[in-house]
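To keep things clear, I will list the structure first and then write my remarks on it.
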Amino acid sequence: ASAKNEKTFIIGPETADCTGVMPMKCLQVKEKPTESWTNFHSNIEGFTYEPGYEYVLKVKTERIANPPADGTSIRYILVRQVSKTRK
């Protein structure tokens with residue numbers, strides 16, 4: 001995989017209420033420390049979230065050829081967990 005498909009995600013220590021197909025809890029994600037948190041409606045394959053920690057993750061994105069109607073067209077896959085810090 002080429003590096004252009006890789007992103008660094010900062011995952012916040014709490015989830016937030018958000019609405020997808022139905023009300024759910026979303027991870028709080030940003031790509032740079034200076035940005036605001038945004039609701040992340042997808043899963044990150046291979047990542048197990050624990051509340052109370054801030055994570056820095058390297059993730060790989062893959063396009064899904066035939067995405068479900070209510071789903072995203074991108075898969076997110078954990079490459080490695082860079083850090084996990086208690087907040």
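If you read the sequence from its start, that first residue is 1, and numbering goes on from there.
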State plainly whether one hydrophobic cluster holds both Val59 and Tyr49, where clusters connect Ile, Leu, Val, Met, Phe, Trp and Tyr through side-chain heavy atoms under 4.5 angstrom apart.
->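 Yes; Tyr49 is reachable from Val59 via cluster members.
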Straight-line distance of [X] [atom1] to [Y] [atom2], nearest 0.5 Å:
{"X": "Leu57", "Y": "Thr8", "atom1": "CG", "atom2": "OG1", "value": "9.0 Å"}
{"X": "Thr85", "Y": "Ile11", "atom1": "OG1", "atom2": "CD1", "value": "12.5 Å"}
{"X": "Met24", "Y": "Cys26", "atom1": "CE", "atom2": "SG", "value": "4.0 Å"}
{"X": "Lys30", "Y": "Glu54", "atom1": "NZ", "atom2": "CD", "value": "6.5 Å"}
{"X": "Ile77", "Y": "Thr61", "atom1": "CD1", "atom2": "OG1", "value": "8.5 Å"}

Please tell me if the side chains of [X] and [Y] come closer than 4.5 Å, counting only heavy atoms from C-beta onward.
{"X": "Gln81", "Y": "Phe47", "value": "yes"}
{"X": "His41", "Y": "Cys18", "value": "yes"}
{"X": "Gln28", "Y": "Phe40", "value": "no"}
{"X": "Val29", "Y": "Trp37", "value": "no"}
{"X": "Arg63", "Y": "Ile74", "value": "yes"}
{"X": "Tyr55", "Y": "Ile10", "value": "no"}
{"X": "Lys25", "Y": "Asp17", "value": "yes"}

Assess whether atom CD of Glu14 is packed by more than 12 heavy atoms of other residues, nucleotides or ligands within 6.0 Å.
->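 No, the 6.0 Å shell around CD holds no more than 12 heavy atoms from other groups.
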Could you go through the ring-ring contact (aromatic ring centres under 6.0 Å, His included) check for Tyr76 and Phe9 one step at a time?
-> CA-CA 11 Å; Tyr76 296 89; Phe9 278 179; 5.7 Å; yes
Are Glu50 and Lys84 ion-paired here, with the side-chain N under 4.0 Å from a carboxylate O?
->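 Salt bridge present between Glu50 and Lys84.
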Residues Glu6, Lys58: salt bridge by 4.0 Å N-O rule |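 Looking at Glu6 and Lys58, the cut-off is not met.
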Minimal non-hydrogen separation, Glu35 against Glu31, with atom names |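 Closest approach of Glu35 to Glu31: OE1-N, 3.1 Å.
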Distance-minimising heavy-atom pair for Asn39 and Ala16 |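 So the minimum-distance heavy-atom pair works out to OD1-CB, 3.8 Å.
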